[in-house]
Amino acid sequence: MGLKSNLHNLKEKYKGTKMAPAFNALHTFLYLPNETTHNGTHIKAADDLKRTMNTVIMAMIPCLIFGMFNAGYQHHVALGETVNFLSWDSFYIGLIKVLPLLIVSYGVGLGIEFLFAIIKKHEVEEGYLVTGMLVPLIVPIDIPLWMLAVAVAFGVVIGKEVFGGTGMNILNPALTIRAFLFFAYPTWMSGDKVWVHGAVENAKQLAAGANVDAISGETILGSLAQGHDIHYSVSDMFFGFIPGSVGETSTFLILLGGLFLIFTKIGSWRIMLSSVLGALVMGLIFNGVASSGWITESSKFYTLMNTEFWHHLLIGGFAFGTVYMATDPVTASQTNKGKWIYGFLIGFLSIMIRVFNPAYPEGVMLAILLMNVFAPTIDHYVVQGNVKKRMKRLKVKTA
């Protein structure tokens, strides 16, 4: 009670000043708001924006912890060393690499949120709580921290604040940050070696003639884009014992997180299911084209086209993007029919971009951002279609 009392006194002290939003944010983050409704008719529910954000974060925690173990494990595997996946050596490497990414992501992002709240004199919004967790899970583990800080600043300011803050943005902020990194620093986002800790440094030393062990850590998508076959088992791909970004490798844990979001009614099962269907349809089409002989084996598109259509669900960031970013309630479609269309097109376009863009064989980011832009249009035509149907019913009844 002492801490709560002290925070309450600080709120009263700075009430009406520029620093009030900062103290209000800290107080409401730790405790329930003091203000409650008393008069009129209100919808009473236990959830609010803070609880919603915290629920999504809880759904990502298993992916974060697993990703730390996997980051260290892939580092040792790339060096040819034998190590237990659940060993301290594996976790320690992942911890010292991922923790700074989390600190920079939340430090820079929340700092800008607080700054805008103070300047614009409004309450600090909790929307960045999820974005701050998403960013470290979708960027290369060895990305320079200054580069991440610049990207986060760009994503928060340009991707959200210029539109009016949480609830007003048209693009997913986390994907905006990743898109900025992709276009501003393409060698860090599209290279094969950057997804395994130490790969870039060892490759540079090897090129300079130093006597070091070669380390590649090539991702599955990078290997397929270069025409190589997959050398991982389906079990490894499903459970996540493969190179990749911190949060995207374990389809199993992502699936559990998706079920948790559906159970808590935060994630849309329509978007998730339709995205999977869209990806499977596009994968089947490519498999048919590859088996028909229209594309020769010498084509740079052949290997990805010929990949088993359902394997696309297990590799790359498709599963992670579908569960945690395509379902963003702010940037996704709002109507039920619109969610089916929106999700299906995300899955369809993800695999199409993945196959036809071998220089960057990860299409889910671009597909989601593209459909973020078209989500309001989809909802508009869905609503207009419903209006026309009701008008026809009205004419029939009055005739």
Side-chain angles (χ1 to χ4, degrees), residues 134 138-140 159 170-172 174-192 194-195 218-228 230 237 244-245 247-249 251 254 271-272 274-290 294-295 299-328 331-333 341-375 377-378:
L134 281 171
I138 61 176
V139 298
I170 63 172
L171 299 175
N172 184 288
L175 285 177
T176 303
I177 292 169
R178 180 165 178 171
F180 175 84
L181 287 169
F182 171 58
F183 290 109
Y185 312 104
T187 57
W188 280 95
M189 295 302 294
S190 58
D192 298 321
V194 297
W195 305 101
E218 189 174 52
T219 63
I220 293 179
L221 284 178
S223 178
L224 290 173
Q226 296 178 24
H228 304 151
I230 298 176
M237 293 189 294
S245 62
E248 74 177 19
T249 60
T251 306
I254 294 170
I271 293 177
M272 296 182 196
S274 58
S275 294
V276 171
L277 293 176
L280 292 176
V281 169
M282 189 74 263
L284 281 170
I285 292 174
F286 280 136
N287 283 177
V289 172
W294 294 351
I295 300 293
S299 173
K300 61 182 179 181
F301 305 124
Y302 180 80
T303 306
L304 276 168
M305 277 190 175
N306 198 45
T307 301
E308 287 285 349
F309 67 96
W310 57 275
H311 282 182
H312 284 287
L313 305 180
L314 307 179
I315 58 179
F318 176 80
F320 189 86
T322 296
V323 170
Y324 295 110
M325 289 180 279
T327 56
D328 176 15
T331 57
S333 290
I341 299 171
Y342 170 83
F344 184 87
L345 289 176
I346 284 178
F348 194 87
L349 292 173
S350 293
I351 308 306
M352 179 185 293
I353 297 172
R354 173 180 289 184
V355 171
F356 286 135
N357 187 15
Y360 183 70
E362 182 56 88
V364 67
M365 174 193 75
L366 299 177
I368 294 176
L369 286 174
L370 180 63
M371 294 315 301
N372 283 167
V373 175
F374 284 101
T377 304
I378 294 173

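All values derive from a computational prediction rather than experimental measurement.
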Report yes or no: does Arg178 contribute a side-chain atom to a donor-acceptor pair with the main-chain N or O of Ile138 at less than 3.5 Å? yes

Nearest heavy-atom pair of Ala279 and Phe318: which atoms, and what distance? CB-CZ, 3.5 Å

Compare every heavy atom of Thr327 with every heavy atom of Thr322, then report the nearest pair and how far apart it is. O-CG2, 3.5 Å

Identify the two heavy atoms, one from Leu369 and one from Ala179, that lie closest to each other, and give their separation to 0.1 Å. CD1-CB, 3.7 Å

In the structure I gave you, are the side-chain heavy atoms of Phe180 and Tyr185 within less than 4.5 Å of one another anywhere? yes

Closest contact, heavy atoms only, Ala332 versus Ala326: CB-O, 3.5 Å

Is the closest side-chain heavy-atom distance between Met282 and Ile285 below 4.5 Å? yes

Please examine the side chains of Thr251 and Met237, heavy atoms only from C-beta on, and report whether any two atoms are closer than 4.5 Å. no

Non-hydrogen side-chain atoms of Met325 and Val364 separated by less than 4.5 Å: no

Checking the side chain of Asn287 only, and the main-chain atoms of Met305 only, is there a donor and an acceptor separated by less than 3.5 Å? yes

Flag the pair Phe344 / Ile271 as yes when at least one side-chain heavy-atom distance between them is below 4.5 Å, and no otherwise. no

Would Val139 and Leu181 count as a side chain to side chain contact (heavy atoms under 4.5 Å, CB included) if you check the C-alpha gap in whole Å, the side-chain angles of each, and the deciding distance to 0.1 Å? CA-CA 9 Å; Val139 298; Leu181 287 169; 3.8 Å; yes

Applying side chain to side chain contact (heavy atoms under 4.5 Å, CB included) to Arg354 and Ile315, what does each step give before you reach the verdict? CA-CA 11 Å; Arg354 173 180 289 184; Ile315 58 179; 3.7 Å; yes

Atom CG in Leu304, atom CD1 in Ile351: separation rounded to 0.5 Å? 9.5 Å

Between Leu349 and Leu370, is any pair of side-chain heavy atoms under 4.5 Å apart? yes

Are any non-hydrogen side-chain atoms of Phe301 and Phe356 less than 4.5 angstrom apart? yes

Between Asn306 and Thr303, do the side chains contain a donor N or O and an acceptor N or O under 3.5 Å apart? no

Rounded distance (nearest 0.5 Å) linking atom CE of Met365 with atom CG of Asn172: 11.5 Å

Please work out whether the ring planes of Tyr324 and Phe320 are parallel, tilted or perpendicular, with thresholds of 30° and 60°. tilted

